[in-house]
Amino acid sequence: MRYLYKTPEEELVDLSLEEPTLLILSPLARIFQCLGVSFPGCWIGIRMLTTSLKASLPSDERFNGYKIPGDFDIIGGSLSDGAPSEYMIGIEVKRFRYFYSADKCSWILKGPGSYGRGQARGYSVFGFNKVMLCHFVVAEPIQHPDYNPHLLNAAVIADGIAALRRKKIPIAARDPFGYCIIGWSQVPHKDPLHAGSLPGPDIIKSAPENPLMADMNVQTFRRNLFEQVRGKIKDAACHNNNESMPIILRFQNEADVNKKKTDGGRD
């Protein structure tokens, strides 16, 4: 069976765009709307390396106590007449797997190496107006002769989300980001982009305004980021005749993604 055969952030974008009928109802669209970005009249950037912002990166790995993330999983903003507004949001994505144990006695929720709190805090350094930490729960596809596979797997992912909520991952009120959970079930032997359940986002904490926006260094980082995004959007519009909405900016190729190092700490 296939779990996410691409990275979670790419799946979130594809789940939003694969079927036009799901466009407005998709989890990613709803997260964007919660963060103040219109959908589908927007741009979406995937896997942007922070090293690409060389001119404005802090020399240290931390800035005012905030850890600098290696990349941005999902970033975005609204579009007006094909041009980006200066309002930008970021989403840090972490995947959890929910699967049946080998002895068939219990269900197991397996988390990532890091919950993503440190990386999500670091988005603030680059001047995003709002940031969301998204935990993406993916359930193992199962089948049973006595149950409809769609209903059964929808129930399984509901249990997976409940298991994650019971973990009570510590999200502090002072953390400069929001927090949500998305679930995704799959149906055995079906393309997971076309057969499954997409509950969420379950907004646990609303995203606050970025507390670092007044910092002059942060404003410099933000200008550098915005200029890169604007150039990328202009290039994409030239190739696509600006007919595709949202505009998707894929900053990394597949080889780059496979080389990404994971953070081993849980913060």
Side-chain angles (χ1 to χ4, degrees), residues 4 6-13 28 31-32 35 37 43-77 87-96 111-136 169-172 174-182 205 207-213 215 217-229 232 249-267:
L4 297 172
K6 289 181 284 187
T7 57
E9 54 273 16
E10 289 174 323
E11 283 292 350
L12 271 179
V13 171
L28 183 62
I31 293 176
F32 266 49
L35 293 174
V37 175
W43 60 270
I44 303 172
I46 309 171
R47 302 303 288 272
M48 181 179 187
L49 290 169
T50 54
T51 52
S52 66
L53 305 171
K54 294 176 182 177
S56 60
L57 266 177
S59 57
D60 198 356
E61 289 186 357
R62 291 182 178 268
F63 177 81
N64 286 357
Y66 286 68
K67 181 180 178 181
I68 305 301
D71 67 355
F72 304 129
D73 288 341
I74 299 175
I75 59 178
Y87 185 93
M88 295 184 292
I89 57 94
I91 305 172
E92 173 70 17
V93 183
K94 291 294 183 182
R95 176 179 58 184
F96 289 75
S114 163
Y115 290 147
R117 292 177 62 236
Q119 294 99 315
R121 282 194 295 269
Y123 280 59
S124 300
V125 173
F126 293 88
F128 290 101
N129 293 82
K130 290 187 177 181
V131 177
M132 183 73 76
L133 172 60
C134 175
H135 284 166
F136 194 4
I169 293 173
I171 305 296
R174 66 180 181 276
D175 282 331
F177 56 82
Y179 174 52
C180 71
I181 299 174
I182 288 176
K205 176 190 173 186
E209 297 290 339
N210 186 348
L212 301 184
M213 288 290 285
D215 189 293
N217 289 310
V218 170
Q219 292 178 22
T220 299
F221 306 155
R222 177 184 173 84
R223 282 195 300 272
N224 187 282
L225 169 63
F226 183 72
E227 288 305 315
Q228 287 212 26
V229 167
K232 192 87 170 178
L249 311 178
R250 298 184 185 271
F251 287 90
Q252 292 191 45
N253 58 38
E254 187 174 350
D256 294 329
V257 171
N258 292 335
K259 291 179 182 178
K260 182 187 177 187
K261 297 179 180 179
T262 57
D263 185 344
R266 284 189 179 273
D267 59 350

Task: P69 backbone acceptor or donor facing T50 side chain under 3.5 Å - done: yes

Task: Residues K94, Q119; criterion side chain to side chain contact (heavy atoms under 4.5 Å, CB included); working and verdict - done: CA-CA 10 Å; K94 291 294 183 182; Q119 294 99 315; 3.3 Å; yes

TODO: Please list, chain by chain and in numerical order, all residues satisfying side chain to side chain donor-acceptor pair (under 3.5 Å) with Q219, sequence neighbours excluded.
DONE: none

- [ ] Measure across G77 and F32 and return the closest heavy-atom pair with its distance rounded to 0.1 Å.
- [x] N-CE2, 4.4 Å

Open item on the list: My understanding is that only residues two or more places apart in sequence, or in another chain, count here; which of them pass side chain to side chain contact (heavy atoms under 4.5 Å, CB included) with V218?
Closed with: F63, L212, D215

- [ ] On the 0 to 90° scale, with breaks at 30° and 60°, tag the Y115-H135 ring pair as parallel, tilted or perpendicular.
- [x] tilted

Open item on the list: How long is the straight-line distance from CD1 of I44 back to CG of L28, given to the nearest 0.5 Å?
Closed with: 5.0 Å

Open item on the list: Just verifying a value: how many Å separate R117 CZ and K67 NZ, rounded to the nearest 0.5 Å?
Closed with: 12.0 Å

- [ ] Please report the shortest heavy-atom distance between L35 and G90, naming the atom on each side.
- [x] CD1-O, 4.4 Å

- [ ] Using atom types as modelled and distance alone, determine if a side-chain donor or acceptor of N129 lies under 3.5 Å from a backbone N or O of M88.
- [x] yes

TODO: Under the ring pair (Phe, Tyr, Trp, His ring centres under 6.0 Å) rule, collect the residues that match up with F177, sequence neighbours excluded.
DONE: none

Task: Side-chain (D73) to main-chain (E9) donor-acceptor, under 3.5 angstrom - done: no

Open item on the list: For the CD1 atom of I181 and the CG atom of L133, what is their distance to the nearest 0.5 Å?
Closed with: 9.5 Å

Open item on the list: Restricting to non-hydrogen atoms, name the atom on V131 and the atom on A207 that form the minimum distance, rounded to 0.1 Å.
Closed with: O-CB, 3.4 Å

- [ ] Classify the ring geometry between F128 and Y123 as parallel (under 30°), tilted (30 to 60°) or perpendicular (over 60°).
- [x] tilted

Open item on the list: Within this structure, what is the CG-CD1 distance for the pair N210 and I89, rounded to the nearest 0.5 Å?
Closed with: 12.5 Å

Task: side chain to side chain contact (heavy atoms under 4.5 Å, CB included) between K130 and E209, worked out - done: CA-CA 6 Å; K130 290 187 177 181; E209 297 290 339; 3.3 Å; yes

Task: Minimum heavy-atom distance between P208 and P176, given as atom pair plus value - done: CG-C, 3.8 Å

Open item on the list: Quick one: does any side-chain atom of D175 pair with a main-chain N or O of A172 as donor and acceptor, under 3.5 Å?
Closed with: yes

- [ ] Check for a donor-acceptor pair, side chain of D71 on one end and backbone N or O of R47 on the other, with a separation under 3.5 Å.
- [x] no

Task: Check against side chain to side chain contact (heavy atoms under 4.5 Å, CB included), F72 and F251 - done: CA-CA 10 Å; F72 304 129; F251 287 90; over 6 Å; no

Open item on the list: With heavy-atom distances below 4.5 Å as the criterion, would you say the side chains of I31 and I74 are in contact?
Closed with: no

